[in-house]
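Just so it is clear, the structure is predicted and the values come from calculations on it, not from any experiment.
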There are 2 protein chains.
Amino acid sequence: MLYAVVMSSALPPFPKPHEPFETPSLLEVGTAPGEPGLRADAARNRARLLEAAARLIAEHGVAGVTMEAVAAAADVGKGTVFRRFGDRTGLLMALLDHSARRLQADFLSGPPPLGPGAPPLERLRAFGVAVLYRTAEQLDLQLAAQPEPTRRFVHPAAGALRAHLTMLLRQTVPGGDCDLLAHTLLASLDPALIHHLTRQCEMPMERLEAAWLDLVARVTRTDPPD
Amino acid sequence: MLYAVVMSSALPPFPKPHEPFETPSLLEVGTAPGEPGLRADAARNRARLLEAAARLIAEHGVAGVTMEAVAAAADVGKGTVFRRFGDRTGLLMALLDHSARRLQADFLSGPPPLGPGAPPLERLRAFGVAVLYRTAEQLDLQLAAQPEPTRRFVHPAAGALRAHLTMLLRQTVPGGDCDLLAHTLLASLDPALIHHLTRQCEMPMERLEAAWLDLVARVTRTDPPD
DNA sequence: TGACGATCCGGACCGAAGTCCGTTTAAGTG
DNA sequence: CACTTAAACGGACTTCGGTCCGGATCGTCA
């Protein structure tokens, strides 16, 4: 169980300033490459670190995930953690990577209505609902893994979601500025917002779900379902 | 000029965990109370600190605004900075307070189409455009003043914007879930997003403006202007 | 197998945010 | 004008993220 969250990451081994955005191919998605081209000891330490981090979260919550604590728990030097994951956000992102890949696989090649086969409008609806519940499931981790504002939109995982959403919008809102609409729609599914609404305002998830469906209907100028 | 940004703040003298949200009354807005009930020395130091912070920004950019640097520049102890502003975010927010109040005054009691007098739909359009340009003007500061995710939506200034937006939506989208729609619309004006679009994607402001108008049209199910 | 170069390791080190608490001072009160 | 006390002050201290670089290790090629 601990293990499910532990293997693999799409992050580059070290943060290159402006790596060109790379959409994960269908072939890659769902595999757990474990960072090919990593030296044996490096790969071993990487796995240890992720395992240690997951254990720390289970025991002390996300706040207990200190870079030094993780290093110590993995019996590894602190520098190693940073070399492998870049920064704390990178480490937490790596923990989320497994579920991110699963979600991507689901809407890229899974069964309808999320995957291909259903009409775009229905996929759009399903997309938001899926993201919504996935985020709610891992809210604490998602929240803590939020990068600083200037990097929020350049991260590959966010980019993949946005690319897919944009694609669905192009099929649904031919006349619109789909890139910007995608940003807006994604923003309404932001972890921080979901946290605020569900935990601070105590709204039920059903209301958020309904709001997504309503928003999609308005943006696409269609009728709401049911 | 330095001075314009320096006076007053709506922040509580010290962060009370769950202060009930307080909509600023029309009478308050536009005045620069300078924290009534503050001891003379405290008020003096507060002013000094804001002045010092503004000077540091002018000289070294937002990154140069270190709590210790500000304290030193104001010839004051470090503890004083934290007691007065709570944390770094609080200090930066206080620097933005003046322009925040002006914006509020503009849409609460200024001339149409932003202020009362124009039809709600037009006020809605003007609102977004105003927020958009104000944010773009102070982008660096707005970005740096972004609080941690869990506080992003509880801050009074954000709350005031949202309250006003919600009010306009109720008059324009009677059937909708206006609270959530307000969140979504505000999210599309988020400083981090504007930064990404204008600086990292190099989109012109005109496109963002057009996207806002389009979004409003879709959400309200009306025709776009012009 | 032995040697070499690229990669990785570790932990000392640094800077900055935020805390703590003993000391000082503003501003009412008799 | 003492006197009192709540408020404010200051700066040492703690914690944590992130950097650096001398030394250890891996993998490869002769």
*Asks:* Which residues pass the salt bridge (Lys or Arg N to Asp or Glu O under 4.0 Å) test with A:Asp190, not counting sequence neighbours?
*Replies:*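 B:Arg152.
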*Asks:* Under 4.0 Å from any atom of DNA chain D, heavy atoms only: list the residues of residues 69-77 of chain B that qualify, in numerical order.
*Replies:*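 Hits under 4.0 Å, by residue number: B:Val76, B:Gly77.
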*Asks:* Show me the protein contacts with nucleotides 16-18 of chain C, counting only N or O atoms at under 3.5 Å.
*Replies:*
| residue | atom | partner | partner atom | Å |
| --- | --- | --- | --- | --- |
| C:dA17 | OP2 | B:Met67 | N | 3.1 |
| C:dA17 | N7 | B:Lys78 | NZ | 3.2 |
| C:dG18 | OP2 | B:Arg88 | N | 3.2 |
| C:dG18 | N7 | B:Lys78 | NZ | 3.4 |
| C:dG18 | O6 | B:Lys78 | NZ | 2.4 |

*Asks:* What pairs with A:Ala144 under side-chain contact (heavy atoms from CB on, under 4.5 Å), at least two apart in sequence or on another chain?
*Replies:* A:Val62, A:Arg88, A:Leu92
*Asks:* Rounded to whole Å, please give me the gap between CZ in A:Arg46 and P in C:dT7.
*Replies:*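 Checked: the CZ to P distance equals 18 Å.
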*Asks:* By side chain to side chain donor-acceptor pair (under 3.5 Å), which residues pair with B:His196, not counting sequence neighbours?
*Replies:* B:Gln200
*Asks:* Could I get a table of every N or O pair under 3.5 Å where one atom is in the protein and the other is in nucleotides 24-26 of chain D?
*Replies:*
| residue | atom | partner | partner atom | Å |
| --- | --- | --- | --- | --- |
| D:dT25 | O2 | A:Arg39 | NH1 | 3.1 |
| D:dT25 | O2 | A:Arg39 | NH2 | 3.2 |
| D:dC26 | O4' | A:Arg39 | NE | 3.4 |
| D:dC26 | O4' | A:Arg39 | NH2 | 3.4 |

*Asks:* With sequence neighbours left out, what residues match A:Glu209 under salt bridge (Lys or Arg N to Asp or Glu O under 4.0 Å)?
*Replies:*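 A:Glu209 satisfies salt bridge (Lys or Arg N to Asp or Glu O under 4.0 Å) with no other residue.
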*Asks:* Does A:Val65 reach the side chain of A:Leu91, with side-chain heavy atoms less than 4.5 Å apart?
*Replies:* yes
*Asks:* Rounding to an integer number of Å, can you tell me how far A:Phe85 CZ sits from D:dT19 P?
*Replies:* 16 Å
*Asks:* By the salt bridge (charged side-chain N to carboxylate O under 4.0 Å, His left out) test, which pairs, at least two apart or in different chains, include something from residues 133-144 of chain A?
*Replies:* A:Asp140-A:Arg199
*Asks:* Can you list everything that forms a salt bridge (Lys or Arg N to Asp or Glu O under 4.0 Å) with B:Arg207? Sequence neighbours excluded, please.
*Replies:*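 With sequence neighbours excluded, B:Arg207 shows a salt bridge (Lys or Arg N to Asp or Glu O under 4.0 Å) to A:Asp177, A:Asp179, given in chain and number order.
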*Asks:* Should B:Thr80 be listed as having a side-chain N or O under 4.0 Å from OP1 or OP2 of D:dG10?
*Replies:*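 Checking B:Thr80 against D:dG10: at least one side-chain N or O falls below 4.0 Å of OP1 or OP2.
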*Asks:* Does the side chain of A:Asn45 get closer than 4.0 angstrom to OP1 or OP2 of C:dC9 through an N or O atom?
*Replies:*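 So the side-chain polar atoms of A:Asn45 do come within 4.0 Å of the phosphate oxygens OP1 or OP2 of C:dC9, strictly under.
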*Asks:* Could you give the distance from CG (B:Leu165) to CZ (B:Arg123), rounded to the nearest 0.5 Å?
*Replies:*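 The CG atom of B:Leu165 sits 11.5 Å away from the CZ atom of B:Arg123.
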*Asks:* Taking side-chain contact (heavy atoms from CB on, under 4.5 Å) as the definition, give me every residue that meets it alongside A:Met205, ordered by chain and number, with sequence neighbours left out.
*Replies:* A:Leu132, A:Tyr133, A:Ala136, A:Thr198, A:Leu208
*Asks:* Just grab all the salt bridge (charged side-chain N to carboxylate O under 4.0 Å, His left out) pairs involving residues 71-81 of chain A, residues at least two apart or on different chains.
*Replies:*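 Qualifying pairs, neighbours excluded: A:Glu68-A:Lys78.
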*Asks:* Determine whether B:Phe85 and B:Arg46 make a side-chain contact, defined as any pair of heavy atoms from C-beta on separated by less than 4.5 Å.
*Replies:*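 Yes, their side chains come closer than 4.5 Å.
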*Asks:* Between the protein and nucleotides 28-30 of chain D, list every N/O to N/O distance that falls short of 3.5 Å.
*Replies:*
none

*Asks:* Hey, would you say the A:Phe153 and B:His195 ring centroids sit under 6.0 Å apart?
*Replies:*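 No; B:His195 has its ring centre 6.0 Å or more from that of A:Phe153.
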*Asks:* Could you check B:Val131, B:Thr135, B:Leu141 and say which one makes a side chain to side chain contact (heavy atoms under 4.5 Å, CB included) with B:Pro191?
*Replies:*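 Running side chain to side chain contact (heavy atoms under 4.5 Å, CB included) over B:Val131, B:Thr135, B:Leu141 with B:Pro191 returns exactly one hit, B:Thr135.
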*Asks:* Examine C:dC9: is either OP1 or OP2 under 4.0 Å from a nitrogen or oxygen in the side chain of A:Arg83? Give yes or no.
*Replies:*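 So the side chain of A:Arg83 is within the cut-off, an N or O lying under 4.0 Å from OP1 or OP2 of C:dC9.
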